[in-house]
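So you know, we letter chains A, B, ... as the sequences are listed, proteins then strands, and number each from 1.
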Protein chains: 2
Amino acid sequence: MSIRIGILGYGNLGRGVECAIKHNPDLELKAVFTRRDPASVKILTETAKVYHVDEAVKMKEDIDVMILCGGSATDLPVQTPEYAKYFNVVDSFDTHAKIPEHFAAVDKAAKENGKTALISAGWDPGMFSLNRLYANAIMPEGKDYTFWGKGVSQGHSDAVRRIKGVIDARQYTIPVEKALEAVRNGENPELTTREKHTREVFVVAAEGADKAKIENEIKTMPNYFDEYDTTVHFITEEEMKKDHAGLPHGGFVIRTGKTGWNDEHNHVIEYSLKLDSNPEFTSSVIAAYARAVYRLNKEGQTGCKTVFDIAPAYLSAQSPEELRAHML
Amino acid sequence: MSIRIGILGYGNLGRGVECAIKHNPDLELKAVFTRRDPASVKILTETAKVYHVDEAVKMKEDIDVMILCGGSATDLPVQTPEYAKYFNVVDSFDTHAKIPEHFAAVDKAAKENGKTALISAGWDPGMFSLNRLYANAIMPEGKDYTFWGKGVSQGHSDAVRRIKGVIDARQYTIPVEKALEAVRNGENPELTTREKHTREVFVVAAEGADKAKIENEIKTMPNYFDEYDTTVHFITEEEMKKDHAGLPHGGFVIRTGKTGWNDEHNHVIEYSLKLDSNPEFTSSVIAAYARAVYRLNKEGQTGCKTVFDIAPAYLSAQSPEELRAHML
């Protein structure tokens with residue numbers, strides 16, 4: 001029998017989860033829940049239905065795992081603890097600094113109701129976090145580096161779009177190759193923000209807009225751009241559509257460390273991702289963790305979990321015997 | 001209170017474990033057990049003692065986790081099931097094809113005696129296996145590639161040493177850069193053995209030995225060299241000591257896969273290691289899993305485990321709260 005999945009929120013991430021379910025035969029999309037008029041939401045899966053979000057709780061017996069695809073700023077801090085009362089849930093909460101309080105709220109709701117929840121699934125937090133943990137456990141003495149990109153930062157793109165005279169914008173975060181090389185060579189550099197990443201912005205400006213002023217506003221924007229070397233390109237709407245429609249991303253997690261009685265040997269552990277679609281890859285991680293959450297709940301392991309708490313075998317559709325024989 | 005560790009077998013790996021324990025303040029080396037005369041074995045840790053292996057079982061109350069540092073060919077298939085009767089154990093059994101039967105034997109012994117065992121810790125099997133599993137769970141449709149090196153293969157070095165006229169030899173396995181690049185570019189190449197790795201051999205020949213004959217014997221050796229492009233260099237004993245004393249190794253685990261409703265997006269997940277000392281890195285992985293085994297046994301989780309069965313948080317000396325706050 002398949003694991004019956006619900007998707008709450010049908011944006012880029014929700015659509016990505018729908019695609020990921022298609023790639024996992026043991027998962028079945030049962031329903032999509034939306035705040036919009038359900039009649040206005042067209043989904044890809046013919047066997048699943050669209051409901052208004054107000055109908056969700058009524059369907060708690062029909063859904064094994066509810067995947068919450070809202071945003072971390074305002075949606076998930078409310079939704080995850082709320083829906084963990086009725087469903088096993090997975091979210092991709094990514095406000096790193098607020099994870100402890102989010103965990104506490106979700107853990108309470110899930111435990112009180114015998115449900116299992118997994119927060120902060122994805123790649124950062126998520127796969128990057130796992131690699132930081134494994135590398136730190138193996139080499140307690142060492143240094144961690146995380147680089148992001150090349151990829152589209154939606155937050156930075158949005159910030160540029162709010163500038164007067166900007167019609168559309170796309171911001172790419174790019175790791176500095178020289179810094180990456182120094183890290184890989186075990187030089188243990190101390191890197192400033194500017195030395196780690198550059199930013200490249202593509203802007204469609206309104207007719208007659210002051211391009212020099214826009215460029216200056218971008219480059220001096222506090223927090224977002226002022227600490228970086230930023231390049232700004234003005235392009236047409238057609239070029240934006242043709243060349244910048246995707247949401248690629250990726251990055252590198254590197255730990256360098258020492259072993260030996262006198263720390264005489266150096267080691268480099270590197271994990272990297274090169275992703276054509278950030279939301280679809282994030283969704284693929286979420287789908288694997290939905291399987292794990294379902295299994296944990298069957299075993300009576302309730303409450304809130306993170307990727308740190310889940311034994312890897314729970315993520316795979318293969319049996320422990322198959323995994324040991326073919327993947328170990 | 002520290003976790004009290006015993007080391008059984010004091011070769012490169014045993015010494016590596018001793019060094020790893022020094023880097024983990026919550027681990028304490030209690031004793032080293034050897035088949036040699038204990039008086040002849042000098043260890044680095046002043047607070048630990050050396051005993052004959054026959055004394056081990058008598059000390060079962062003094063050791064929380066026994067780390068078995070023997071070889072996979074003949075030592076571990078006997079030792080791990082035997083010592084799992086008396087101790088929580090960790091080994092680095094690396095004969096991939098025999099893992100299922102080794103698992104079964106160790107599982108039986110450990111379960112019957114309320115002990116916890118972890119087999120096949122290290123980097124391959126070990127960290128590479130973990131990365132294969134995670135990447136396969138995230139992208140069920142895709143292709144796996146493992147490259148090894150640049151590094152010293154001890155099995156191949158030994159094989160060359162058995163050739164008549166060879167005094168000493170060191171064999172390096174080297175991944176083919178062009179193949180790596182094709183994989184990273186998402187070309188999904190079908191690669192032959194010859195296309196993935198080359199082999200480079202450094203040989204010290206006996207005086208008057210027939211070098212052309214030695215070179216030919218190496219290059220045509222079945223299983224070891226005949227399917228590879230191999231380069232042979234003759235060097236002096238001094239050069240061998242000066243330039244080839246270390247045991248570096250490493251490699252790459254890459255999975256490429258597709259997401260999207262029509263598989264329209266490509267992704268590359270890559271994990272790589274660059275290691276100055278193969279045995280010391282393997283030992284560092286073992287030390288982290290010794291911590292996990294100790295904790296699992298305290299929780300009553302007995303029997304045989306692999307890296308697939310251990311939630312990552314068990315490996316870290318940090319608390320779950322610290323991990324969530326700082327590493328997620």
Check your understanding: Just wondering, do B/T146 and B/R132 contact through their side chains at under 4.5 Å, heavy atoms?
Key -> yes
Point to revise | Interatomic distance, B/L118 atom CG to B/R291 atom CZ [nearest 0.5 angstrom] | key: 13.0 Å
Practice item. Begin from the C-alpha positions of B/H249 and B/F281 and carry the test side-chain contact (heavy atoms from CB on, under 4.5 Å) through to its verdict. Key: CA-CA 10 Å; B/H249 220 314; B/F281 188 82; over 6 Å; no
Exercise for review: Give, as side chain, backbone, both or neither, the part of B/A325 having an atom under 4.5 angstrom from any heavy atom of chain A.
Suggested key: both
Review point. What distance separates A/S129 OG from B/L328 CG, expressed to the nearest 0.5 Å?
Key: 4.5 Å
Check your understanding: Is it true that atom NZ of A/K143 has more than 12 heavy atoms of other residues, nucleotides or ligands lying nearer than 6.0 Å?
Key -> yes
Without placing hydrogens or testing angles, list every side-chain donor-acceptor pair under 3.5 Å for residues 92-102 of chain B, not counting sequence neighbours.
residue: B/D94; atom: OD1; partner: B/S72; partner atom: OG; Å: 2.8
residue: B/H102; atom: NE2; partner: B/D91; partner atom: OD2; Å: 2.8

Review point. Hey, what's the ring geometry for B/F147 with B/Y145, parallel, tilted or perpendicular (30° and 60° as the breaks)?
Key: parallel
Exercise for review: Name the member of A/L315, A/N266, A/I286 that forms the most heavy-atom pairs with chain B at distances under 4.5 Å.
Suggested key: A/N266
Study note, to complete from the structure: Interface check, chain B: of A/D124, A/V268, A/I310, A/T306, most non-hydrogen pairs under 4.5 Å belong to A/V268
**Study point:** Engaged part of B/K305 at the chain A interface, taking heavy atoms whose separation is under 4.5 Å
**Key:** neither
Practice item. Apply side-chain hydrogen bond (donor to acceptor under 3.5 Å, both in side chains) to B/T259 and A/H23, showing your working. Key: CA-CA 8 Å; B/T259 66; A/H23 288 82; over 6 Å; no
Practice item. With sequence neighbours left out, write down each residue that passes side-chain hydrogen bond (donor to acceptor under 3.5 Å, both in side chains) with B/D144, or none if nothing qualifies. Key: B/N136, B/R255
Review point. Are B/R324 and A/F308 in a cation-pi setup, meaning NZ or CZ lies under 6.0 angstrom from the ring centre and within 45 degrees of the ring axis?
Key: no
**Study point:** Heavy-atom pair count under 4.5 Å with chain B, highest-scoring of A/D263, A/N24, A/L44
**Key:** A/L44
Exercise for review: Between chain B and each of A/D309, A/T256, A/L130, A/L133, count heavy-atom pairs under 4.5 Å; write down the option with the most.
Suggested key: A/L133
Check your understanding: Within residues 270-277 of chain A, which positions have a heavy-atom distance to chain B below 4.5 Å?
Key -> A/E270, A/Y271, A/S272, A/L273, A/K274, A/L275, A/D276, A/S277
Check your understanding: B/V307 versus chain A, heavy atoms under 4.5 Å apart: side chain, backbone, both or neither?
Key -> both
Exercise for review: Tell me, out of A/Y314, A/W123, A/Y134, who's got the most heavy-atom pairs with chain B below 4.5 Å.
Suggested key: A/Y134
Check your understanding: chain A: which of B/S316, B/P140, B/A288, B/P248 shares the most heavy-atom pairs with it under 4.5 Å?
Key -> B/P140
Practice item. Could you have a look at B/A317, B/G260, B/P125 and say which one has the most heavy-atom pairs with chain A under 4.5 angstrom? Key: B/G260
**Study point:** For the student: nearest non-hydrogen atoms of B/E322 and B/S319, plus distance
**Key:** OE1-N, 2.8 Å
Check your understanding: Given the options B/K22, B/M139, B/M127, which has more heavy-atom pairs under 4.5 Å with chain A than any of the others?
Key -> B/K22
Review point. Of all the residues in residues 180-189 of chain B, which have a heavy atom that comes within less than 4.5 Å of a heavy atom in chain A?
Key: B/R184, B/N185
Point to revise | Engaged part of B/S283 at the chain A interface, taking heavy atoms whose separation is under 4.5 Å | key: neither
Practice item. Go through the atoms of B/Q318 and report whether side chain, backbone, both or neither lie under 4.5 Å from a heavy atom of chain A. Key: neither
Practice item. Quick one: which of A/I269, A/N131, A/V253, A/V285 has the most heavy-atom pairs under 4.5 Å with chain B, could you say? Key: A/I269
Review point. At a heavy-atom separation under 4.5 Å, does B/F128 approach chain A through its side chain, its backbone, both, or neither?
Key: neither
Review point. How close do B/I7 and B/C69 get, heavy atom to heavy atom, and via which atoms?
Key: CG2-SG, 4.0 Å
Check your understanding: Going from CD1 on A/I67 to CD1 on A/I5, what distance comes out if it is rounded to the nearest 0.5 angstrom?
Key -> 4.5 Å
